[in-house]
Amino acid sequence: MPALPCSPPSDTCSLTGESEAKRQQILDGARAVFAQHGFEGASMSAIAREANVSKGTLYNYFTCKAELFEAFVEQNCREKLPTALEPIKRNQPVRETLTAIAQAIINLTTLPESLMLYRIIISEAPHFPKLTDVFWKNGPKIAIETLAEWLSAQARQGLLQVEDPVFAAELFFTM
């Protein structure tokens with residue numbers, strides 16, 4: 001699978017508070033530009049302008065647009081997916097838990113920002129397959145694994161009969 005057309009992301013784990021705030025400022029600017037112009041129509045210049053940073057500052061954080069979009073996708077998944085999977089932690093009966101997860105996932109996937117991300121990822125998949133990998137690893141894969149673990153636990157307690165929890169989770173989310 002081809003890599004993104006730029007160098008690998010820099011390690012942002014060691015950013016200072018000010019640097020993290022600047023990075024977030026850039027991601028917020030990117031969100032607005034990607035939402036308005038899509039991935040292909042967005043430019044690093046427009047993102048820098050929207051984020052109110054210089055292009056030099058932007059390139060200090062992200063070496064290219066694909067890397068910036070990757071960080072944007074990761075952040076969105078990290079922020080929104082835990083809320084959608086929260087019903088698993090409530091220790092409610094199986095039916096209520098599955099209904100709550102289904103409703104939360106529907107709410108998440110129909111948010112304007114989620115639809116925007118999905119459209120961009122689908123349209124850019126032939127050109128940048130790494131973007132689909134980033135989305136898969138940070139979104140659907142985590143959701144499937146989390147639900148599969150919960151289904152397995154329910155089966156061990158005798159509350160459900162599930163032969164293949166991963167397949168069951170995949171089917172659940174595709175419904």
Side-chain angles (χ1 to χ4, degrees), residues 1 4 9 12-13 20-21 23-42 47 50 65-175:
M1 181 169 302
L4 288 174
T12 57
C13 296
E20 187 56 42
R23 184 177 190 275
Q24 186 57 52
Q25 182 179 340
I26 292 167
L27 287 168
D28 291 343
R31 173 181 287 116
V33 175
F34 288 137
Q36 187 172 15
H37 301 286
F39 180 82
E40 192 61 37
I47 292 168
E50 183 68 30
K65 183 171 63 169
E67 182 184 314
L68 176 55
F69 189 73
E70 182 178 333
F72 174 62
V73 169
E74 288 174 357
Q75 180 185 51
N76 274 277
C77 290
R78 261 194 330 270
E79 289 175 353
K80 294 179 174 72
L81 189 58
T83 302
L85 298 174
E86 174 65 29
I88 287 175
K89 297 178 184 176
R90 293 186 197 146
N91 200 26
Q92 295 179 316
V94 171
R95 182 185 198 109
E96 284 85 359
T97 299
L98 291 174
T99 300
I101 292 169
Q103 188 60 56
I105 291 294
I106 290 168
N107 292 342
L108 173 61
T109 58
T110 57
L111 288 172
E113 188 166 284
S114 296
L115 292 172
M116 176 264 301
L117 272 173
Y118 185 75
R119 287 181 186 120
I120 291 172
I121 289 167
I122 293 300
S123 68
E124 294 301 323
H127 311 292
F128 302 114
K130 176 109 183 336
L131 294 178
T132 59
D133 289 344
V134 168
F135 173 69
W136 170 255
K137 288 176 187 170
N138 290 281
K141 182 177 188 263
I142 291 171
I144 290 166
E145 289 171 348
T146 302
L147 183 57
E149 288 174 24
W150 181 82
L151 292 170
S152 292
Q154 301 308 300
R156 284 190 302 274
Q157 294 175 29
L159 300 172
L160 282 176
Q161 193 172 16
V162 183
E163 287 183 36
D164 185 342
V166 173
F167 185 60
E170 290 171 349
L171 288 176
F172 179 84
F173 287 122
T174 58
M175 291 193 292

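By convention here, the first residue in the shown sequence is residue 1. The figures here come from the full heavy-atom set of this structure, side chains too, leaving out hydrogens, waters and symmetry mates.
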task: For the pair Ile120 and Phe69, evaluate side-chain contact (heavy atoms from CB on, under 4.5 Å) and give the outcome as yes or no after the intermediate values.
output: CA-CA 10 Å; Ile120 291 172; Phe69 189 73; 3.3 Å; yes
message: Evaluate Leu68 against Ile26 for side-chain contact (heavy atoms from CB on, under 4.5 Å), listing each step before the verdict.
response: CA-CA 9 Å; Leu68 176 55; Ile26 292 167; 4.0 Å; yes
message: Test side-chain contact (heavy atoms from CB on, under 4.5 Å) on Ile101 and Phe173; report intermediate values, then the result.
response: CA-CA 9 Å; Ile101 292 169; Phe173 287 122; 4.0 Å; yes
message: For a side-chain contact (heavy atoms from CB on, under 4.5 Å) check, start with the C-alpha distance between Leu151 and Phe167, then their side-chain angles and the critical distance, and finish with the verdict.
response: CA-CA 11 Å; Leu151 292 170; Phe167 185 60; over 6 Å; no
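For Lys141, the side-chain hydrogen bond (donor to acceptor under 3.5 Å, both in side chains) partners are Glu145, not counting sequence neighbours. Under the side chain to side chain contact (heavy atoms under 4.5 Å, CB included) criterion, Ser114 pairs with Leu108, Leu111, sequence neighbours left out. Partners of Asn76 according to the side-chain hydrogen bond (donor to acceptor under 3.5 Å, both in side chains) rule, which considers only residues two or more places apart in sequence or in another chain, are Lys80. Under the rule for a side-chain hydrogen bond (donor to acceptor under 3.5 Å, both in side chains), the partners of Asn107 that lie at least two apart in sequence or sit in another chain are Gln103. With sequence neighbours excluded, the residues that form a side chain to side chain contact (heavy atoms under 4.5 Å, CB included) with Glu74 are Glu70, Arg78, Val134, Asn138.
Annotation for Pro129 and Pro126: closest pair CD-O, 4.3 Å, computed over non-hydrogen atoms. The two atoms that bring Ala143 and Leu85 nearest to each other are CA-CD1, 3.9 Å, heavy atoms only. Counting all heavy atoms, side chain and backbone alike, Arg23 lies closest to Ala71 at NH2-CB, 3.5 Å. Across all their heavy atoms, Lys65 and Ala42 have their closest contact at NZ-O, 2.8 Å. Annotation for Pro165 and Ser152: closest pair CG-OG, 3.1 Å, computed over non-hydrogen atoms. Summarising the geometry of Ala100 relative to Arg90, their closest heavy-atom pair is CB-NH1, 4.1 Å, with the distance given to 0.1 Å.
Atom-to-atom distance recorded for Phe72:CZ and Cys77:SG is 10.0 Å, nearest 0.5 angstrom. Here CG of Asn91 is found 13.0 Å from NZ of Lys89. Values are rounded to the nearest 0.5 Å. Interatomic distance, His127 NE2 to Glu124 CD, rounded to the nearest 0.5 Å: 5.5 Å. Interatomic distance, OG1 of Thr97 versus CD of Glu86, reported as 11.0 Å (0.5 Å rounding). From Leu117, atom CG reaches atom CZ of Phe34 across 9.5 Å, with rounding to the nearest 0.5 Å. With rounding to the nearest 0.5 angstrom, the NZ atom of Lys130 is 6.5 Å from the NZ atom of Lys137.
The environment of CD in Gln161 is sparse: at most 12 heavy-atom neighbours from other residues, nucleotides or ligands sit within 6.0 Å. Remark: Glu79 CD is packed, more than 12 non-hydrogen atoms of other residues, nucleotides or ligands lying under 6.0 Å away. Within a 6.0 Å radius of CD in Gln36, no more than 12 heavy atoms belonging to other residues, nucleotides or ligands are found.
Proximity of Ile144 to Trp136: side-chain heavy atoms (C-beta onward) are separated by under 4.5 Å at one or more points. Looking only at side-chain heavy atoms (C-beta outward), Trp150 and Leu98 come within less than 4.5 Å of each other.
Here Phe39 and Phe128 bring their ring centres to under 6.0 angstrom of each other.
The stretch residues 91-110 participates, sequence neighbours left out, in no salt bridge (Lys or Arg N to Asp or Glu O under 4.0 Å) pair at all.
Under 4.0 Å is where a charged nitrogen must lie from a carboxylate oxygen, and between Arg31 and Asp28 at least one such pair does.
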